[in-house]
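From a predicted model like this one, the values you see are computed outputs, not experimental measurements.
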Amino acid sequence: MTLPDTLADWLEYQQRQHAQPIALGLQRVRMVWQALGAPAPARCVISVAGTNGKGSTVAFLEAMLRARGLRVGAYTSPHLLRYNERVRIDAREADDAALCAAFARIEQARGAIPLTYFEYGTLAALLLFADARLEVGLLEVGLGGRLDAVNIIDADAAIVTTIGIDHTEYLGADRDSIGREKAGIARSGRPLILGSSDVPDGLSVGAADAGATLLRLGLDFAIVAQLDGWRWSTPAGAGHALPVAGEIAAVNLPELSLAGPHQPENVAAALAALWTLRQRLGWAPQDYARGIASVRLPGRLQALGGTPDLIVDVAHNPQAAAGLAAWLDAQPRVLTHAVFSALADKDIAGIGAALGACIAHWHVCGILDAGARGLDAASVAARLRMALPQAAISLHADVHAALAAARAALPMRGRVLAFGSFHIAGAVLERSPPQA
């Protein structure tokens with residue numbers, strides 16, 4: 001068989017190698033990983049799961065560890081503009097040649113074992129990390145936790161950011177069920193950091209059943225606002241959950257470069273993970289503060305400038321939409337129009353309900369390049385109207401037509417909020433790069 005030549009060809013080929021686009025389970029991907037020799041992806045591995053905030057938490061970890069002088073790899077998904085964004089080594093995206101070579105190794109090793117697009121990508125990232133001899137590997141869980149391909153690796157520390165309702169067809173219909181699935185990344189005797197104070201019982205019970213050492217926001221670590229930034233600390237009573245009983249720490253942090261009401265919690269969880277690993281990685285608060293100040297992450301309440309203002313965000317579920325609403329409520333009151341679409345498996349009505357009071361007009365388009373998960377504009381609008389029957393909604397041929405209409409309809413002091421999917425955020429960023 002002739003293997004694909006280009007990255008684009010490889011990605012198209014991978015879409016055809018499994019009957020389902022999403023097929024949770026570790027048996028197939030573990031068998032291929034073992035056939036590849038199962039090399040350690042890094043000396044130390046941190047896995048990050050959660051409904052929202054995973055990408056931001058990985059970005060904070062990556063920046064802090066690199067500021068410490070360590071060699072770091074980060075695997076995240078999905079991507080905004082280029083598939084290469086998913087695999088970073090020393091903050092550099094993997095190039096096409098490296099990815100294609102990794103895919104060829106996977107293809108030779110898998111034999112007749114079917115793999116999904118995501119599983120190919122996960123194995124390629126792990127191979128490239130192993131080849132790079134990393135000191136730390138950061139792995140973002142794609143969906144859930146227990147049965148996600150990333151979970152073939154035993155993380156030295158794991159983080160669960162938030163638990164919201166999303167991917168119910170795979171993870172369950174309530175927060176307890178979803179929490180139990182995400183607790184599956186925990187390992188016995190190793191730290192599991194809970195980056196939210198709103199923890200469902202299913203997550204706590206699942207972590208306890210795994211024998212993990214829990215560190216909980218608000219109990220074992222905290223972050224509070226100061227006049228000129230933030231202060232992270234481990235309370236004196238948290239010694240039982242830490243490697244050295246009774247040892248406490250505090251870090252003064254700058255104002256965060258990422259907007260959003262939950263970013264302080266993401267920073268807090270990232271720091272807690274590094275605190276639990278300090279005997280292996282060292283502990284350098286000044287470096288960590290410098291790293292946090294350097295974080296830039298596209299598509300997270302990213303201001304692109306222009307007239308009217310253009311804000312892009314990857315929010316794609318009700319929990320993230322509620323965070324957007326909280327952010328909008330804290331901003332100066334201006335007329336806000338949405339450029340919006342979402343995939344078929346998303347709770348579009350729930351997103352609309354969370355943001356209905358903030359959006360004066362919805363400019364809706366379809367997502368037609370996502371296979372079976374795509375929706376046309378009329379279908380998106382119909383789901384929005386389930387929650388917002390009186391909302392002003394316009395249909396548009398594509399995201400660029402929707403954006404042009406929103407800009408034309410708003411006064412100079414208005415605001416356009418483009419969100420609902422990585423597909424929407426990526427398309428807007430491709431045509432509307434940030435202004436200097």
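Note on D131 versus R105: salt bridge recorded, some NZ/NE/NH1/NH2 to OD/OE distance being below 4.0 Å. The pair D313-R300 does not count as a salt bridge, with every side-chain nitrogen at least 4.0 angstrom from each carboxylate oxygen. For the pair D309 and R415, the salt-bridge criterion is not met [side-chain N within less than 4.0 Å of a carboxylate O]. Under 4.0 Å is where a charged nitrogen must lie from a carboxylate oxygen, and between R88 and E85 no such pair does. Checked for salt-bridge contact, E181 and R146 meet the test: a charged N lies under 4.0 Å from a carboxylate O.
Between Y75 and F129, the distance separating the two ring centers is not shorter than 6.0 angstrom.
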*Does the pair L301 and L324 meet the rule for a side-chain contact (heavy atoms from CB on, under 4.5 Å), with working shown?*
CA-CA 8 Å; L301 282 171; L324 270 183; 3.4 Å; yes
* Go through the steps for V339 and L417 under the test side-chain contact (heavy atoms from CB on, under 4.5 Å), then give the verdict. => CA-CA 6 Å; V339 171; L417 176 63; over 6 Å; no
Test salt bridge (charged side-chain N to carboxylate O under 4.0 Å, His left out) on R175 and D198; report intermediate values, then the result. CA-CA 10 Å; R175 294 179 72 243; D198 182 16; 3.4 Å; yes
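P191 and D156 make their closest contact through CD-O, 3.4 Å (heavy atoms, listed as atom of the first residue, atom of the second, distance). The shortest non-hydrogen separation linking N151 to R30 is O-NH2, 4.3 Å.
The 12-atom threshold is not exceeded at CZ of R133, counting heavy atoms of other residues, nucleotides or ligands nearer than 6.0 Å. In this structure, E169 places its CD atom where more than 12 heavy-atom neighbours from other residues, nucleotides or ligands lie under 6.0 Å away.
Each of I351, D166, I165 was checked for a side chain to side chain contact (heavy atoms under 4.5 Å, CB included) with P318, and the lone residue meeting it is I351.
Residue pairs satisfying the ring-ring contact (aromatic ring centres under 6.0 Å, His included) criterion with at least one member in residues 281-302, sequence neighbours excluded, are listed as follows: W232-W283, W275-W283, W283-Y288.
A donor-acceptor contact under 3.5 angstrom links the side chains of Y13 and E107, judged on distance only. The closest side-chain donor-acceptor pair between D96 and N84 falls under 3.5 angstrom. Q319 and T162 form a side-chain donor-acceptor contact under 3.5 Å, judged by distance and modelled atom types alone.
How far CZ of R110 is from CG of L115: 6.0 Å, rounded to the nearest 0.5 Å. Here NE2 of H262 is found 6.0 Å from CD of E265. Values are rounded to the nearest 0.5 Å.
Although no hydrogens or angles enter the test, the distance criterion places no donor-acceptor pair under 3.5 Å between the side chain of R43 and the main chain of A40. Judged by distance alone, with hydrogens and angles left aside, the side-chain atoms of S177 form no donor-acceptor pair with the main-chain N or O of L171 at under 3.5 Å.
A search for side chain to side chain donor-acceptor pair (under 3.5 Å) contacts involving R66 returns nothing, not counting sequence neighbours.
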